[in-house]
Amino acid sequence: MCSNRNLQRISLEFFFEVLKLPHMQVIRSPQEMQALALSWRARGDMIVLVPTMGYFHRGHVSLMEYGRGIGRRLVVSLFVNPTQFAPNEDLDCYPRNFDQDCKLAQEAGVDVIFAPEADQLYPPDFQTYVTVEQVTRGLCGASRPIHFRGVATIVLKLFNLVQPQAAIFGEKDYQQLITLKRMVLDLNLPVEIIGRPLVRESDGLAMSSRNVYLSPGERRSALNLSRALFKACELTAKGETSRDRLFTALKPILTCDPPISLDYLNLVDPQTLKEIDTIRGQARLAIAAWVGRTRLIDNILLEVP
């Protein structure tokens with residue numbers, strides 16, 4: 001039997017353990033989220049939003065930690081958005097772990113996880129979409145033609161519901177980042193879009209929720225994507241500016257392993273995403289490839305001396 005002193009000690013330990021983590025709400029209702037956000041805005045609180053589809057990894061957590069440092073209120077949306085998936089894509093099997101996501105978000109200091117159901121955001125006969133035209137035409141937009149329409153639509157809806165002054169996105173989805181910056185500019189939205197650096201595994205693989213799909217052999221093959229990008233950095237650091245010569249050097253890295261099927265390898269202007277032949281100052285080298293049945297993307301900033 002525990003003594004009163006032992007019970008008091010256990011209670012105090014539990015109390016201080018709870019104090020280590022901030023209180024975090026989970027909100028499902030769009031109306032409740034909007035009402036809370038408007039009350040924060042009325043008090044003058046700065047709201048920061050980190051939009052996600054969940055299954056958090058260290059890249060997601062880095063966005064949350066940055067957001068915690070710049071705002072009074074931090075909201076993380078967790079919503080696997082059906083309108084950005086084509087019928088043949090992985091909507092139904094997209095990885096999910098809500099309990100683990102909540103644990104990581106709470107540890108990062110998140111105030112609210114906003115996790116609505118699809119029918120709450122897309123009512124029957126939904127027919128209003130946002131299209132950002134030019135910057136979505138190439139890269140992933142060429143092989144996923146409805147993807148960025150779905151991304152822009154859901155992010156605008158989240159802005160309306162969460163009322164953020166700033167929203168944070170990772171640079172791994174670089175075309176998404178540029179698309180949303182364009183949307184905010186074109187529609188005069190009072191939201192600052194903040195891009196944060198891509199986070200990699202220790203071996204160089206870009207962190208992605210979809211990495212869980214990879215078998216051990218496929219994961220080893222997937223490292224060729226980052227190896228090609230790092231090789232491009234080496235070449236540009238030595239003064240190489242020609243797209244054709246860069247691609248000639250990189251293609252053997254990307255075609256040496258049968259599980260890899262290249263979707264695209266493009267050199268683009270960092271702001272307009274238009275393809276370029278010669279690097280003048282800076283460029284983005286972007287890649288998408290199927291590794292087995294898993295589609296992965298990666299990119300890197302190239303700078304010539």
Side-chain angles (χ1 to χ4, degrees), residues 21-30 32-33 48-65 67-68 74-123 126 140 144 146-159 161-162 167-170 172-173 176-177 180 196 198-201 205-216 218-219 222 288 290-298:
L21 296 177
H23 174 67
M24 183 183 74
Q25 292 179 259
V26 175
I27 295 179
R28 299 284 187 177
S29 162
E32 183 182 348
M33 181 70 254
V48 179
L49 170 65
V50 180
T52 81
M53 293 205 301
Y55 208 72
F56 297 155
H57 50 66
R58 189 157 46 86
H60 293 110
V61 173
S62 74
L63 303 183
M64 298 176 206
E65 291 174 342
R68 179 74 281 165
L74 178 59
V75 178
V76 172
S77 63
L78 198 165
F79 181 64
V80 182
N81 176 38
T83 64
Q84 67 191 66
F85 288 79
N88 62 334
E89 294 180 341
D90 59 339
L91 172 63
D92 291 337
C93 63
Y94 191 85
R96 295 163 170 86
N97 189 335
F98 186 75
D99 291 342
Q100 177 68 9
D101 287 347
C102 286
K103 178 177 182 294
L104 292 173
Q106 186 166 16
E107 290 172 351
V110 171
D111 293 298
V112 170
I113 287 278
F114 177 44
E117 298 295 333
D119 59 2
Q120 295 176 300
L121 294 182
Y122 296 106
F126 185 87
C140 289
R144 304 184 72 190
I146 70 166
H147 176 69
F148 290 108
R149 184 186 76 164
V151 169
T153 300
I154 190 60
V155 170
L156 182 57
K157 289 172 74 69
L158 290 171
F159 287 174
L161 295 170
V162 180
I168 305 175
F169 299 86
K172 184 180 77 69
D173 297 291
Q176 170 181 273
L177 176 64
L180 297 174
R196 295 295 297 162
L198 182 155
V199 178
R200 297 185 181 278
E201 302 282 0
L205 183 67
M207 286 192 172
S208 169
S209 299
R210 288 186 170 97
N211 288 348
V212 71
Y213 296 156
L214 299 169
S215 69
E218 289 169 343
R219 195 187 183 289
W290 291 90
V291 182
R293 299 178 65 181
T294 305
R295 187 178 184 276
L296 301 177
I297 60 174
D298 203 344

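Values in this document were obtained by computation on a predicted structure and should not be read as measured data. For reference, positions follow the sequence shown, starting with 1. Values reported hereafter were calculated over all heavy atoms of this structure, with side chains retained and with hydrogens, waters and symmetry mates removed.
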side-chain contact (heavy atoms from CB on, under 4.5 Å), that's the test. Do C102 and V26 meet it? Break it down for me.
CA-CA 8 Å; C102 286; V26 175; 4.2 Å; yes
Measuring from N211:CG to L296:CG, what's the distance to the nearest 0.5 Å?
6.0 Å
Measure across A108 and E65 and return the closest heavy-atom pair with its distance rounded to 0.1 Å.
CB-CG, 4.4 Å
Considering all heavy atoms, the nearest Q120-R28 contact
OE1-O, 3.0 Å
Side chain proximity check, L104 to V110, heavy atoms < 4.5 angstrom
no
Minimum side-chain heavy-atom gap N81-L121 below 4.5 Å
no
Answer whether the closest heavy-atom distance between the side chains of V50 and H60 falls below 4.5 Å.
no
Pairwise side-chain contact, T83 with R149, heavy-atom cut-off 4.5 Å (strictly under):
no
For L158 and S77, which heavy atoms make the closest approach, and how far apart are they?
CD1-OG, 3.5 Å
So CD of E89 and NE2 of H147: to nearest 0.5 Å the spacing works out to 8.0 Å
Within a strict 4.5 Å, meaning less than it, do heavy atoms of the K172 and I297 side chains meet?
yes
Give me each pair satisfying salt bridge (charged side-chain N to carboxylate O under 4.0 Å, His left out) with a member in residues 90-101, each pair once, sequence neighbours excluded.
D90-R210
Nearest heavy-atom pair of R293 and E218: which atoms, and what distance?
N-OE2, 4.4 Å
Where at least one partner belongs to residues 90-123, residue pairs that pass ring-ring contact (aromatic ring centres under 6.0 Å, His included), sequence neighbours excluded
Y122-F126
Evaluate the side-chain contact (heavy atoms from CB on, under 4.5 Å) criterion for residues R200 and D298: first the C-alpha distance (whole Å), next the side-chain angles of each, then the deciding distance (0.1 Å), finally the verdict.
CA-CA 10 Å; R200 297 185 181 278; D298 203 344; 2.8 Å; yes
Any idea which heavy atoms bring F148 and C140 closest together, and the distance?
CE1-CB, 4.0 Å
Could you tell me the separation between the CG atom of L49 and the CG atom of L63, rounded to the nearest 0.5 Å?
11.0 Å
May I ask you to test the F79-P51 pair for a side-chain heavy-atom distance under 4.5 Å?
no
Could you measure the distance from the CG atom of D111 to the CZ atom of R68? Nearest 0.5 Å is fine.
4.5 Å
Using modelled atom types and a 3.5 Å cut-off, is there a donor and acceptor pairing between side-chain atoms of D173 and backbone atoms of Q176?
no
L74 and M64: which non-hydrogen atoms are nearest, and at how many Å?
CD2-O, 3.3 Å
Donor-acceptor pair, side chain of S62 and main chain of G59, under 3.5 angstrom:
yes
So, taking the atom named CE in M53 and the one named CD in Q84, what distance separates them when rounded to the nearest 0.5 Å?
4.5 Å
Starting from the C-alpha separation in whole Å, work towards a yes-or-no answer on side-chain contact (heavy atoms from CB on, under 4.5 Å) for V75 and I27.
CA-CA 10 Å; V75 178; I27 295 179; over 6 Å; no
Hey, mind stepping through E201 and R219 against side-chain contact (heavy atoms from CB on, under 4.5 Å) and telling me if it holds?
CA-CA 11 Å; E201 302 282 0; R219 195 187 183 289; 3.4 Å; yes
